[in-house]
Amino acid sequence: MQKQKDIIVIGGGAAGFFAAINIAETHPKLSVAILERGKEGLQKVKISGGGRCNVTHAEFIPSELVQNYPRGAKELLGPFHTFMTGDTIAWFEERGVELKIEDDGRMFPVSNSSQTIIDCFLFEAKKHKVEVLYNHSVKSIKLCHAEPVEASQNNYNFKISTSQQEIETKKIVVATGSNPKIWKLLEDLGHTIVPPVPSLFTFDINDKRIKGIPGVVAQNVDVKVIGTDLFSEGPLLITHVGMSAPAILKLSAYGAVELAKLNYNFEIEINFIKQDFEDCLSQLKDSKQELAKKQIFGTAQFDLPKRLWRNLILASHISENERWADLNKEQLTALAEQLTQAIFQVTGKSTFKEEFVTAGGVDLKEINFKTFESKLIPNLFFAGEVINVDAVTGGFNFQNAWTGAYIVSQSISDK
Ligand SMILES: Cc1cc2nc3c(=O)[nH]c(=O)nc-3n(C[C@H](O)[C@H](O)[C@H](O)COP(=O)(O)OP(=O)(O)OC[C@H]3O[C@@H](n4cnc5c(N)ncnc54)[C@H](O)[C@@H]3O)c2cc1C
């Protein structure tokens, strides 16, 4: 006989497990199963946050929290009033997982291990009788009726084919992350898929000014992408192949679509000291007077790291042993330019290892954000990265998964 379930959750990742557990706990009479294509689930949770799982971010005001979502800010404002950071902390705490806040606001399990989150989910799924079917790759989703039928009539709305079997179900929660095959199936059902592009990546830059100084951090810089409105600020890290850290990662997220169109070849302008050119030049002139006899190399200004200061000096045609008094007007101007308007050519992107996500997915206009249900197909719900929501680094991507999944669990009726 064909297998039948009240609720099928497709995808055993962060959003899928969170949805299934909360549905089963809230509606104990409903039969709930997760279909996961892998032989294990929660693989991204496992590697997340460098193996520590950055579960959420200590930001407790919904209007502030949404600022971290280049796509989805407007739509998530309402949902965050229902379930956000504090609720996430409480949810895990009630199930024996304590979270801690780090200096930058990121929150991790106290154990510092993503396995704690996985163990919690597997335990809760078992406790609430969620059936987890591994090695079940979903191949097709078909509507059983031309018109949706009241679930209470004991009618099944969908037929799902997996690599193993066919299953009928009344409701589906799609939580497949950024999986192109499922997006294609959803497109066939009439949904619009915003084309996926990578978000959260670092910039490849081959430039003498940053050669040989990986690990150097400029604490607070402005970066803009020349020829666009894209701008960001924050710490900047020089890597072996280019630049990273929040100033760059935020640009990669907010500019995900635009930078893809530029094929990751563009120029950026960096202000390393967040001062305008004229102020900087005037300060350099003062230093020329005050530090006249000192070598410019040994007297880094503007709290810049010494090695970066050195490279910017060299780029300004100032040699190793020159003293402040020796600097001419052109050299001072060139140095002020390097400090406040340094241009770098970006030639590609690299993966940011801590966390990377995909922008794109189910068009937000086609989702009811009070329920996370499709506006086109009744009884079809979404949670997590499958929808066109993504965030900057810091635990916000998981918060989107928890919020959507929780709201789905509350909007599903007992019928
Ligand atoms: C290296 C790395 C580190 C990260 N670290 C963090 C972090 O610390 N904090 C943070 O907030 N975010 C982090 N992220 C982002 C975060 O992992 C994702 O936003 C989050 O996992 C999305 O959850 P999801 O459930 O929507 O998708 P996923 O976690 O990707 O889960 C989707 C599941 O669906 C399954 N699936 C796909 N297609 C099918 C199919 N056809 N049939 C059946 N099953 C299917 C997949 O196998 C998978 O198990 C990180 C991402 C990466 C890659």
Side-chain angles (χ1 to χ4, degrees), residues 8-21 33-57 59 65 68-69 71-72 85 88 99 102 104-109 112-114 117-118 121 132-141 160-165 167 172-186 196 198-201 249 253 351-362 372 381-406 408:
I8 287 291
V9 177
I10 309 179
F17 265 87
F18 206 72
I21 292 165
I34 296 176
L35 304 179
E36 165 55 46
R37 71 176 166 170
K39 63 178 193 311
E40 282 176 83
L42 299 164
Q43 288 308 291
K44 269 202 197 168
V45 171
K46 192 167 193 168
I47 57 169
S48 67
R52 296 199 298 142
C53 188
N54 179 191
V55 176
T56 185
H57 199 96
E59 172 54 73
L65 186 60
N68 297 289
Y69 294 82
R71 283 145 293 270
T85 321
T88 304
L99 304 181
E102 303 216 324
D104 57 4
R106 291 182 303 159
M107 299 197 67
F108 295 89
N112 269 330
S113 167
S114 57
I117 304 297
I118 296 176
F121 283 170
V132 190
L133 297 166
Y134 295 107
N135 299 309
H136 275 63
S137 180
V138 169
K139 304 287 184 202
S140 78
I141 304 171
I160 297 175
S161 303
T162 77
S163 43
Q164 309 256 3
Q165 58 182 315
I167 306 174
I172 295 179
V173 184
V174 185
T176 41
S178 41
N179 183 279
K181 285 189 188 141
I182 293 290
W183 279 329
K184 176 76 183 59
L185 295 186
L186 292 171
S199 182
L200 283 185
F201 47 84
L249 295 166
T351 306
F352 172 58
K353 289 194 188 59
E354 283 273 294
E355 178 174 346
F356 52 89
V357 294
T358 305
V362 178
F372 280 74
F381 296 80
F382 303 104
E385 217 176 290
V386 67
I387 66 175
N388 185 22
V389 167
D390 61 275
V392 297
T393 180
F396 306 104
N397 281 300
F398 278 141
Q399 187 56 57
N400 166 51
W402 315 141
T403 295
Y406 183 81
V408 168

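Whatever order the structure lists ligands and atoms in, that order sets their numbers, starting from 1.
- Protein heavy atom in closest approach to atom 42 (N) of ligand 1: Val138 N, 3.0 Å.
- Heavy-atom distances between Lys139 and ligand 1 stay at or above 4.0 Å for every pair.
- In summary, the atoms of ligand 1 found under 4.0 Å from a heavy atom of Phe396, numbered by their order in the structure, are 11 (O).
- In Ala175, the part holding a heavy atom less than 4.0 Å from any atom of ligand 1 is the backbone.
- Closest approach of Val9 to Ala175, counting heavy atoms only: CG1-CB, 4.5 Å.
- For Gln399, the heavy-atom gap to ligand 1 stays at 4.0 angstrom or more.
- Each of the atoms 26 (O) of ligand 1 lies under 4.0 Å from some heavy atom of Gly384.
- Residue-to-ligand polar distances place Phe398 within reach of ligand 1: an N/O pair is separated by less than 3.5 Å.
- No part of Lys181 comes within 4.0 Å of ligand 1, judged by heavy-atom distances.
- Contact annotation for Asn54 and ligand 1: heavy atoms of both the backbone and the side chain come within less than 4.0 Å of the ligand.
- Contact of the Val392 side chain with the Phe396 side chain is registered, since non-hydrogen atoms from C-beta on lie closer than 4.5 Å.
- A ring-centre distance under 6.0 Å is found for Trp402 and Phe121.
- Backbone and side-chain nitrogen or oxygen atoms of Phe356 are examined, and none is located within less than 3.5 angstrom of a nitrogen or oxygen of ligand 1.
- Interface atoms of ligand 1 facing Ala14, defined by a heavy-atom separation under 4.0 Å, are 23 (O), 25 (O), 29 (O).
- Compare Gly38, Gly11, Gly394 by their heavy atoms: the one nearest to atom 34 (O) of ligand 1 is in Gly11.
- Numbered from 1 in the order shown, with element, the atoms of ligand 1 that lie under 4.0 Å from a heavy atom of Ser137 read 41 (N), 42 (N).
- Against a heavy-atom cut-off of under 4.0 Å, Lys44 is close to the following atoms of ligand 1: 17 (O), 21 (O), 29 (O), 30 (O).
- Only the side chain of Asn179 comes within 4.0 Å of ligand 1, judged by heavy-atom distances.
- Residue contact check for ligand 1: Glu354 places a non-hydrogen atom closer than 4.0 Å to it.
- With 3.5 Å as the limit, one finds a donor-acceptor pair spanning the side chains of Ser140 and Ser161.
- In Arg52, neither the side chain nor the backbone holds a heavy atom less than 4.0 Å from any atom of ligand 1.
- Considering only residues two or more places apart in sequence or on other chains, Tyr69 meets the ring-ring contact (aromatic ring centres under 6.0 Å, His included) condition with Phe80.
- Near Ile182, meaning under 4.0 Å from one of its heavy atoms, ligand 1 places the atoms 41 (N).
- Under a 4.0 angstrom heavy-atom cut-off, Gly41 registers as lying outside contact with ligand 1.
- Between Glu355 and ligand 1, at least one pair of N/O atoms sits closer than 3.5 Å.
- Ligand-side atoms of ligand 1 in range of Gly395: 9 (N), 10 (C), 11 (O), range being under 4.0 angstrom from any heavy atom.
- Within ligand 1, the atoms closer than 4.0 Å to a non-hydrogen atom of Ser48 are 3 (C), 4 (C), 5 (N), 6 (C), 7 (C), 8 (O), numbered from 1 in the order shown.
- Residues Tyr406 and Thr88 are not in side-chain contact: their nearest non-hydrogen atoms beyond the backbone lie 4.5 Å or more apart.
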